[in-house]
Chemist: 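First the structure, then my questions, so here it is.
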Amino acid sequence: QVQLVESGGGLVQAGGSLRLSCAASGRTFSNNPMGWFRQAPGKEREIVAAINWSSGSTYYADSVKGRFTISRDNAKNTVYLQMNSLKPEDTAVYYCATRQSSIMTTHPNTYPYWGQGTQVTVSS
């Protein structure tokens with residue numbers, strides 16, 4: 001079983017920054033993708049960014065390119081999401097997720113393992 005625990009959310013003003021962390025434990029997958037997703041009230045869950053644990057290859061949604069950076073620390077089994085130039089539309093619950101296959105995908109339905117989520121609120 002895989003356990004994922006997010007932290008680092010909070011309230012920030014527009015233009016500010018936050019760094020989210022996702023600590024993985026249990027049966028982790030060394031060659032697999034870890035994704036950050038978000039879900040705003042009344043909206044579907046959507047991918048924000050993803051990274052492959054071993055290769056470090058990354059994916060970013062168009063809405064966050066140039067503002068967010070995903071990274072990982074393999075020794076700590078932790079993935080980070082550095083969020084800069086935050087906008088009110090970034091307000092959502094942010095989740096990390098992983099999957100057994102090594103193929104990086106973007107649809108949340110393809111990720112079976114999820115953390116509990118952390119709230120990010122950006123005020124205007």
Side-chain angles (χ1 to χ4, degrees):
Q1 190 71 349
V2 178
Q3 292 83 43
L4 303 174
V5 179
E6 302 97 335
S7 61
L11 173 64
V12 65
Q13 288 188 332
S17 299
L18 283 174
R19 189 177 81 155
L20 305 183
S21 300
C22 174
S25 62
R27 187 170 173 261
T28 55
F29 311 116
S30 61
N31 192 34
N32 296 61
M34 181 73 77
W36 281 101
F37 294 79
R38 66 186 180 187
Q39 188 166 18
K43 294 189 176 181
E44 293 186 353
R45 194 170 296 189
E46 63 178 2
I47 192 165
V48 175
I51 189 167
N52 184 279
W53 273 115
S54 59
S55 70
S57 60
T58 57
Y59 167 87
Y60 293 95
D62 287 343
S63 58
V64 305
K65 281 181 182 177
R67 300 189 298 123
F68 291 10
T69 302
I70 190 169
S71 61
R72 90 281 194 213
D73 184 331
N74 289 17
K76 295 182 179 180
N77 274 353
T78 299
V79 173
Y80 304 97
L81 185 68
Q82 178 67 43
M83 305 186 295
N84 298 328
S85 302
L86 282 161
K87 304 175 181 179
E89 50 263 44
D90 294 318
T91 295
V93 178
Y94 283 71
Y95 302 87
C96 63
T98 191
R99 61 198 303 262
Q100 287 182 264
S101 170
S102 61
I103 299 172
M104 187 182 293
T105 58
T106 60
H107 200 289
N109 287 352
T110 61
Y111 287 75
Y113 304 102
W114 291 83
Q116 82 288 351
T118 185
Q119 176 71 47
V120 171
T121 303
V122 184
S123 64
S124 57

Chemist: Given the rule that I, L, V, M, F, W and Y join up when any side-chain heavy atoms are under 4.5 Å apart, are Y95 and V64 in one cluster?
Modeler: no

Chemist: Answer yes or no: is there a donor N or O on one side and an acceptor on the other, between the side chain of E6 and the main chain of Q116, under 3.5 Å?
Modeler: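 Side chain of E6 to backbone of Q116, a donor-acceptor pair under 3.5 Å: yes, one is there.
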
Chemist: Would a hydrophobic clustering, with Ile, Leu, Val, Met, Phe, Trp and Tyr connected at side-chain separations under 4.5 Å, put V2 with Y94?
Modeler: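 Yes, V2 and Y94 fall within the same hydrophobic cluster.
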
Chemist: Work out which heavy atom in P112 is nearest to a heavy atom in T98; give both atom names and the distance.
Modeler: CD-O, 3.4 Å

Chemist: Between Y113 and Q1, is there a donor-acceptor pair closer than 3.5 Å when you use the side chain of the first and the backbone of the second?
Modeler: no

Chemist: Do you know the tightest heavy-atom contact between N52 and M104?
Modeler: N-CE, 3.5 Å

Chemist: If you compare all heavy atoms of D90 against all heavy atoms of R38, which two are closest, and at what distance to 0.1 Å?
Modeler: OD1-NH1, 2.9 Å

Chemist: Using a 3.5 Å distance criterion without hydrogens, assess whether the side chain of T78 forms a donor-acceptor pair with backbone atoms of K76.
Modeler: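 It does hold such a pair.
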
Chemist: Using the side-chain hydrogen bond (donor to acceptor under 3.5 Å, both in side chains) criterion, which residues pair with S123? Sequence neighbours excluded.
Modeler: none

Chemist: Closest heavy-atom contact between W53 and N74?
Modeler: O-ND2, 3.2 Å

Chemist: Specify the closest pair of heavy atoms between V79 and W36, including all atoms of both residues, with the distance to one decimal.
Modeler: CG1-NE1, 3.6 Å

Chemist: Using modelled atom types and a 3.5 Å cut-off, is there a donor and acceptor pairing between side-chain atoms of Y80 and backbone atoms of T69?
Modeler: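 No: the side chain of Y80 does not pair with the backbone of T69.
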
Chemist: Is there a path of hydrophobic side-chain contacts, each under 4.5 Å between heavy atoms of I, L, V, M, F, W or Y residues, that connects V12 with L20?
Modeler: yes

Chemist: Search all heavy atoms of A92 against all heavy atoms of A40 and return the closest pair with its distance.
Modeler: CB-N, 3.8 Å

Chemist: If you measure from CD on Q13 to OG on S124, what distance do you get to the nearest 0.5 Å?
Modeler: 9.5 Å

Chemist: I want to check something: taking the side chain as every heavy atom from C-beta on, are Q119 and T91 in contact at a cut-off of under 4.5 Å?
Modeler: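 Yes - at least one pair of side-chain heavy atoms lies under 4.5 Å apart.
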
Chemist: Hydrogens and angles aside, do N31 and S54 bring a side-chain donor and acceptor to less than 3.5 Å of each other?
Modeler: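 A donor-acceptor contact under 3.5 Å links the two side chains.
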
Chemist: I51, I47: one ILVMFWY side-chain cluster at the under-4.5 Å cut-off?
Modeler: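 Each belongs to a different hydrophobic cluster.
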
Chemist: Are T106 and Y111 close enough that some pair of their side-chain heavy atoms sits under 4.5 Å apart?
Modeler: no

Chemist: In the single-linkage hydrophobic clustering (I, L, V, M, F, W, Y; side-chain heavy atoms under 4.5 Å), do M34 and F37 co-cluster?
Modeler: no

Chemist: If you round to the nearest 0.5 Å, how far is CG of L81 from CZ of R19?
Modeler: 10.5 Å

Chemist: How many angstroms lie between CD in E89 and NZ in K43, if you round to the nearest 0.5 Å?
Modeler: 8.0 Å

